[in-house]
Protein chains: 2
Amino acid sequence: MSSMSGELRQAFLAADVRPTVQRYAVLHYLARNRVHATAEEIFREVNRRDPRASRATVYNSLKSLARAGLVREVVSDGKAARFDASLHPHHHFVCERCGEVEDVAWFELPAGKAPLGARQVRSFEVVFRGVCEKCAAAQSLTGETE
Amino acid sequence: MSSMSGELRQAFLAADVRPTVQRYAVLHYLARNRVHATAEEIFREVNRRDPRASRATVYNSLKSLARAGLVREVVSDGKAARFDASLHPHHHFVCERCGEVEDVAWFELPAGKAPLGARQVRSFEVVFRGVCEKCAAAQSLTGETE
DNA sequence: GCGCTAAGTTAGACTTATTCTAGATTTACA
DNA sequence: TGTAAATCTAGAATAAGTCTAACTTAGCGC
């Protein structure tokens, strides 16, 4: 581990995750590209530059990072899991028409609303489902019913 | 389609989904067993009784039922998708320790909180993550750190 | 009821996603 | 540095989900 820039370095230290070149590359990719990437995409993109990471390592890294809370698995209807750097919290909107997952700006939940009993909550997110702007526009144009 | 009992029959009619023996069996299983089942589990259980359904049909049925809103795909960290009869709305709690998904009683979100723009929201749910009661108890007993 | 057509179902081959394995490398720390 | 524990690699193995082509059923008009 030679050079790791600010925020990410902090994140690794704070989360007590062994920083390895490969984990860094994975988190770096997710943090830089605000996309909901599949493991396969991350694998491809990370390997376009130098530090190569095997497929298994991408999966392992995502798992470690997720356990540490640096990355989270995002809801998705497809079969492949999708991931998100979770350095900055946000909610999600899933389009039932095209499957796209969009970020929704963060807002808090009113305290005490949720009947959670003795469970220890470490994080939460709201997942909205419906029709995204693009699909809504396409629908009204063609007058489609379904 | 000969005999279909009350609530489910209504659900099919209301959702304008062609009622088939197989779809009925799938929805029936999910409605009766408040579990977050994988497609594989549903396949196995449905086929223990009479109306047999091929694997592909279980997947197709789940897809149709989900599109119609009678079933929903539940968050899950594992690789296999999990499903839920969504006749009665509720939120979810995911244990980061054991992976278990638990239901959380329904509550509304304060109106106007979410910055959703022109998106058409048809449903939403809150996903909490943390440590479930059982895992919390196990942890405090053994004094484990991680 | 009868027959037509579109929608749905079947088994199993196939594709894609994820995990496993065994040996080579790297990290943390004394 | 030297060493043990953690991590990485390539590729084989497994699991999840989709596709295909032929067969069945539901919905609807007569």
Side-chain angles (χ1 to χ4, degrees), chain A residues 1-4 9 12-28 36-47 49-68 70-71 73-83 99 145-146, chain B residues 1-4 8-9 12-27 36-47 49-68 70-71 73-83 99 145-146:
Chain A
M1 223 11 3
S2 44
S3 63
M4 226 202 268
R9 174 181 212 76
F12 273 100
L13 287 173
D16 194 33
V17 173
R18 248 203 221 196
T20 67
V21 186
Q22 294 79 359
R23 286 177 182 170
Y24 177 72
V26 168
L27 184 54
H28 184 252
H36 304 104
T38 62
E40 183 61 28
E41 283 161 8
I42 298 169
F43 172 70
R44 251 204 329 275
E45 286 306 309
V46 157
N47 283 346
R49 313 195 125 230
D50 200 27
R52 305 193 80 72
S54 76
R55 216 170 292 266
T57 296
V58 169
Y59 280 99
N60 288 339
S61 299
L62 286 169
K63 203 174 277 185
S64 320
L65 292 171
R67 199 161 350 113
L70 297 177
V71 145
E73 196 177 329
V74 163
V75 293
S76 77
D77 27 41
K79 50 199 160 162
R82 294 182 166 272
F83 300 85
T145 312
E146 177 66 3
Chain B
M1 223 15 0
S2 43
S3 64
M4 226 201 269
L8 298 196
R9 175 182 211 73
F12 273 100
L13 287 174
D16 193 32
V17 173
R18 247 203 222 197
T20 67
V21 187
Q22 293 80 0
R23 286 177 182 168
Y24 177 72
V26 167
L27 184 54
H36 304 105
T38 62
E40 184 61 29
E41 283 160 11
I42 298 168
F43 171 71
R44 251 204 327 276
E45 286 307 310
V46 158
N47 283 346
R49 313 193 123 231
D50 197 29
R52 307 192 80 72
S54 76
R55 213 170 294 266
T57 296
V58 170
Y59 280 101
N60 287 341
S61 299
L62 286 169
K63 204 173 278 188
S64 319
L65 292 170
R67 199 159 350 111
L70 297 176
V71 145
E73 196 178 328
V74 162
V75 292
S76 77
D77 28 40
K79 50 202 160 160
R82 293 183 167 274
F83 299 86
T145 312
E146 176 68 359

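These figures come from a predicted structure and were not determined experimentally. Each chain gets a letter, A, B and so on, in the order its sequence line appears, and its residues count up from 1.
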*What integer distance in Å separates B/Arg55:CZ from D/dA16:P?*
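So the CZ-P distance, B/Arg55 to D/dA16, works out to 9 Å.
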Of the listed nucleotides ([options]), which one gets closest to any side-chain atom of [X]?
X: B/Thr20; options: D/dT7, C/dT9, D/dG17; result: C/dT9
X: A/Arg23; options: C/dA11, D/dT9, D/dT7; result: D/dT7
X: A/Ala53; options: D/dC8, D/dT9, C/dG8; result: D/dT9
X: A/Pro19; options: C/dT18, D/dA26, C/dA28; result: C/dA28
X: B/Val21; options: D/dA26, C/dT9, C/dT18; result: D/dA26

*Using a cut-off of strictly less than 4.0 Å, decide whether B/Tyr59 has a side-chain nitrogen or oxygen near OP1 or OP2 of D/dT18.*
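Looking at the OP1 and OP2 atoms of D/dT18, neither is under 4.0 Å from any side-chain N or O of B/Tyr59.
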*Taking OP1 and OP2 of C/dT18, is either one under 4.0 Å from a side-chain nitrogen or oxygen of A/Lys63?*
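It does not, given that no N or O in the side chain of A/Lys63 lies less than 4.0 Å from OP1 or OP2 of C/dT18.
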*asked:* If you assign B/Thr57 and B/Arg18 each to the DNA chain C nucleotide with the nearest heavy atom, which residue ends up on the more 5' nucleotide?
replied: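 In this pair, the answer is B/Arg18.
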*Within the structure shown, what part of the strands sits under 4.0 Å from A/Ala56 by heavy-atom distance: base, sugar-phosphate, or nothing?*
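Base, at least one base heavy atom under 4.0 Å.
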_Report for the helix from C/dG1-D/dC30 to C/dA30-D/dT1: angle between first-end and last-end helix axes, five pairs each, rounded to 10 degrees._
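Computed from the C1' atoms at both ends, the axes differ by 60°.
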*Residues in salt bridge (Lys or Arg N to Asp or Glu O under 4.0 Å) with B/Arg55, at least two apart?*
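B/Arg55 satisfies salt bridge (Lys or Arg N to Asp or Glu O under 4.0 Å) with B/Glu40 once adjacent residues are dropped.
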_Within the structure provided, determine whether A/Phe12 and A/Leu27 are in side-chain contact (heavy-atom separation under 4.5 Å)._
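Touching, per the 4.5 Å side-chain cut-off.
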*To the nearest 0.5 angstrom, please state how far the CZ atom of B/Arg23 sits from the CZ atom of B/Arg18.*
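Result: 8.0 Å between the selected atoms.
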